[in-house]
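Report on the following structure.
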Amino acid sequence: MDCSFPEGDPAAVCGKRQQFGSRFLSDPARVFHHNAWDNVEWSEEQAAEAERKVQENSTQRVCQEKQADYEINANKYWNNFYKIHENGFFKDRHWLFTEFPELAPSQNHLKNLLSENKRSEVYEYYRSGEDGPGLTIEEQLSCSSVSLGDKTQPPLTEESVTQKLHRLEICANEFPGSSATYRILEVGCGVGNTVFPILQTNNDPSLFVYCCDFSSTAVELVQTNSAYDPSRCFAFVHDLCDEDKSYPMPENSLDVIILIFVLSAIVPDKMQNAINKLSRLLKPGGIMLLRDYGRYDMAQLRFKKGQCLSENFYVRGDGTRVYFFTQDELDTLFTTAGLEKVQNLVDRRLQVNRGKQLTMYRVWIQCKYRKPLGSSTG
């Protein structure tokens with residue numbers, strides 16, 4: 001089973017968090033003075049070694065019979081994961097308000113939402129911790145057996161008519177959060193490490209938060225949490241890849257959709273349709289926020305032979321799966337869905353476990369893609 005390091009809190013200095021992005025390693029002798037270093041450049045030798053390791057661990061692929069099992073029984077593997085760890089493995093992601101001000105209590109970001117073109121750097125600290133049973137951060141969503149369909153419009157069958165009527169029904173009737181004026185959906189919510197910080201920090205009565213996960217065990221943990229308030233939040237089980245299953249809100253109704261270490265957990269061939277469907281839920285001007293694994297992240301390099309499912313797609317020892325992206329791959333997914341790039345950045349982070357004197361090179365990608373103002377679906 002691959003080694004891992006769970007998510008951690010931002011590093012602290014003298015009891016106060018240091019400004020994000022201001023910690024650069026200029027003297028290698030000081031590498032163990034802090035828990036993390038920003039914008040670490042890789043040498044040519046290091047990059048070549050990472051590529052060599054990936055080529056090596058990709059030579060032996062998981063057999064098709066087992067691959068089918070991981071796909072068909074994906075919900076079983078994620079349910080087992082959450083039954084084992086419940087809500088004690090991952091920490092609340094309060095760093096989200098720095099990286100994604102769209103989620104913060106102040107609504108001033110709405111003025112900047114449509115004018116922001118890029119940010120030059122991604123700032124986030126994670127405290128290196130003890131080895132855990134998965135990769136560093138949960139990918140809380142996986143998918144079952146629905147395959148990608150043709151991009152062309154299908155003939156008007158009885159089934160498609162039923163689906164259209166169902167969508168009209170959602171629009172015509174009351175739906176959870178219908179009275180809210182600012183709506184957020186988190187896909188792959190796990191046990192609520194993003195949702196609850198949002199609800200606890202943002203008391204705006206016009207806010208409503210939806211959250212879903214492929215794991216019924218995870219959703220149950222959210223719903224039974226003392227911080228869960230049905231008047232402000234709606235948690236539900238959902239398969240991101242199921243094209244026949246509707247979301248409980250109409251198209252063009254969401255201001256923000258959050259994908260935190262989620263898209264990487266589904267089969268690459270199903271990613272485009274999943275993003276297309278989510279894009280239709282956004283209001284014109286709404287935004288999709290993503291943070292996920294980048295190519296040659298430490299977690300990818302640590303996989304052993306026999307764990308590779310397909311190119312850059314692996315299975316962990318617990319049966320859950322993970323993909324490692326490039327910026328171009330994510331850009332293609334979002335722009336094909338009709339979204340416009342606001343941000344697409346690589347965060348190369350040097351994490352340090354000072355207790356074990358270990359250095360860990362992490363690669364994450366952070367994206368923001370906006371639905372054009374003139375765009376609508378229905």
Side-chain angles (χ1 to χ4, degrees), residues 4 6-10 74-75 77-105 124 126-127 129 132-143 176-177 180 182-240 247-249 254-266 278 281 288-292 318 320:
S4 65
E7 265 189 286
D9 295 329
N75 61 335
Y77 291 114
W78 280 110
N79 280 333
N80 288 342
F81 175 87
Y82 287 110
K83 285 176 182 176
I84 293 171
H85 302 295
E86 295 189 341
N87 58 1
F89 186 62
F90 303 107
K91 298 181 181 298
D92 286 348
R93 296 160 167 165
H94 293 284
W95 55 266
L96 282 171
F97 302 118
T98 300
E99 295 304 326
F100 299 131
E102 295 81 5
L103 308 176
E124 171 200 350
Y126 288 109
R127 182 182 61 204
L135 292 173
T136 299
I137 307 175
E138 76 266 44
E139 306 101 322
Q140 303 137 328
L141 189 69
S142 192
C143 300
Y182 198 75
R183 303 186 190 96
I184 297 173
L185 165 66
E186 185 191 13
V187 180
C189 63
V191 298
N193 299 110
T194 295
V195 170
F196 290 128
I198 293 174
L199 291 171
Q200 292 163 0
T201 305
N202 194 336
N203 294 318
D204 187 344
S206 65
L207 170 71
F208 195 87
V209 180
Y210 307 88
C211 58
C212 64
D213 201 281
F214 188 51
S215 167
S216 58
T217 301
V219 172
E220 184 179 355
L221 288 167
V222 171
Q223 292 173 335
T224 55
N225 190 301
S226 60
Y228 183 72
D229 182 356
S231 68
R232 303 185 66 219
C233 181
F234 181 68
F236 58 100
V237 177
H238 190 85
D239 181 352
L240 181 60
Y247 286 90
M249 73 287 293
L254 297 177
D255 295 275
V256 180
I257 295 176
I258 310 169
L259 297 161
I260 306 294
F261 297 95
V262 170
L263 195 61
S264 55
I266 71 175
L278 288 171
L281 297 177
M288 204 173 295
L289 311 176
L290 174 140
R291 191 168 177 86
D292 221 319
D318 61 5
T320 60

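Note that the structure is predicted; figures quoted are calculated from it, not measured. Quick note: residue numbers are just sequence positions, from 1.
Nearest heavy atom pair, residue L278 against residue Y247, reads CD2-OH, 3.3 Å. The two residues L103 and I258 make their nearest non-hydrogen contact at CD2-CD1, 3.6 Å. Nearest approach of D292 to S264, heavy atoms of both residues: OD1-OG, 2.6 Å. Pairing each heavy atom of V262 with each of V187, the nearest pair is CG2-O, 3.1 Å. Between P230 and F208, the shortest heavy-atom distance links the atoms O-CE1, 4.1 Å. Residue G177 comes nearest to Y210 through the heavy atom pair CA-OH, 3.6 Å, listed as atom of the first residue, atom of the second, then distance.
Atoms CG and OG1, from N80 and T217 in turn, are 8.0 Å apart once rounded to the nearest 0.5 Å. From N202, atom CG reaches atom OH of Y182 across 9.0 Å, with rounding to the nearest 0.5 Å. Between atom CZ of residue F100 and atom OG1 of residue T194 there is a gap of 9.5 Å, rounded to the nearest 0.5 Å. The CG atom of L185 sits 7.0 Å away from atom CG of L281, with the distance rounded to the nearest 0.5 Å. To the nearest 0.5 Å, the span separating CG on L199 from SG on C211 amounts to 8.0 Å. Residue L254 holds its CG atom at 9.5 Å from CD1 of I184, rounded to the nearest 0.5 Å.
Side-chain N/O atoms of D213 and S215 include no donor and acceptor closer than 3.5 Å.
Here Q223 pairs with V219, Y228, A235 under the side-chain contact (heavy atoms from CB on, under 4.5 Å) rule; sequence neighbours left out.
Side-chain contact between N75 and S216 is absent, with no heavy atoms from C-beta onward closer than 4.5 Å.
Remark: side-chain polar atoms of R291 are not paired, donor with acceptor, to backbone N or O of L259 under 3.5 angstrom. Judged by distance alone, the side chain of R183 and the main-chain N or O of V256 form no donor-acceptor pair under 3.5 Å.
For an aromatic pair to be called close, the ring centres must be under 6.0 Å apart, and F214 with H238 fails this.
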Q) Which is it for C189 and V222 under the side-chain contact (heavy atoms from CB on, under 4.5 Å) test, yes or no, and what are the steps along the way? A) CA-CA 9 Å; C189 63; V222 171; 4.3 Å; yes
Q: In sequence, state the C-alpha distance, the side-chain angles, and the governing distance for R232 and L207, and then conclude on side-chain contact (heavy atoms from CB on, under 4.5 Å).
A: CA-CA 7 Å; R232 303 185 66 219; L207 170 71; 3.9 Å; yes
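A side-chain contact (heavy atoms from CB on, under 4.5 Å) with L96 is found for exactly one of I260, L289, I198, namely I260.
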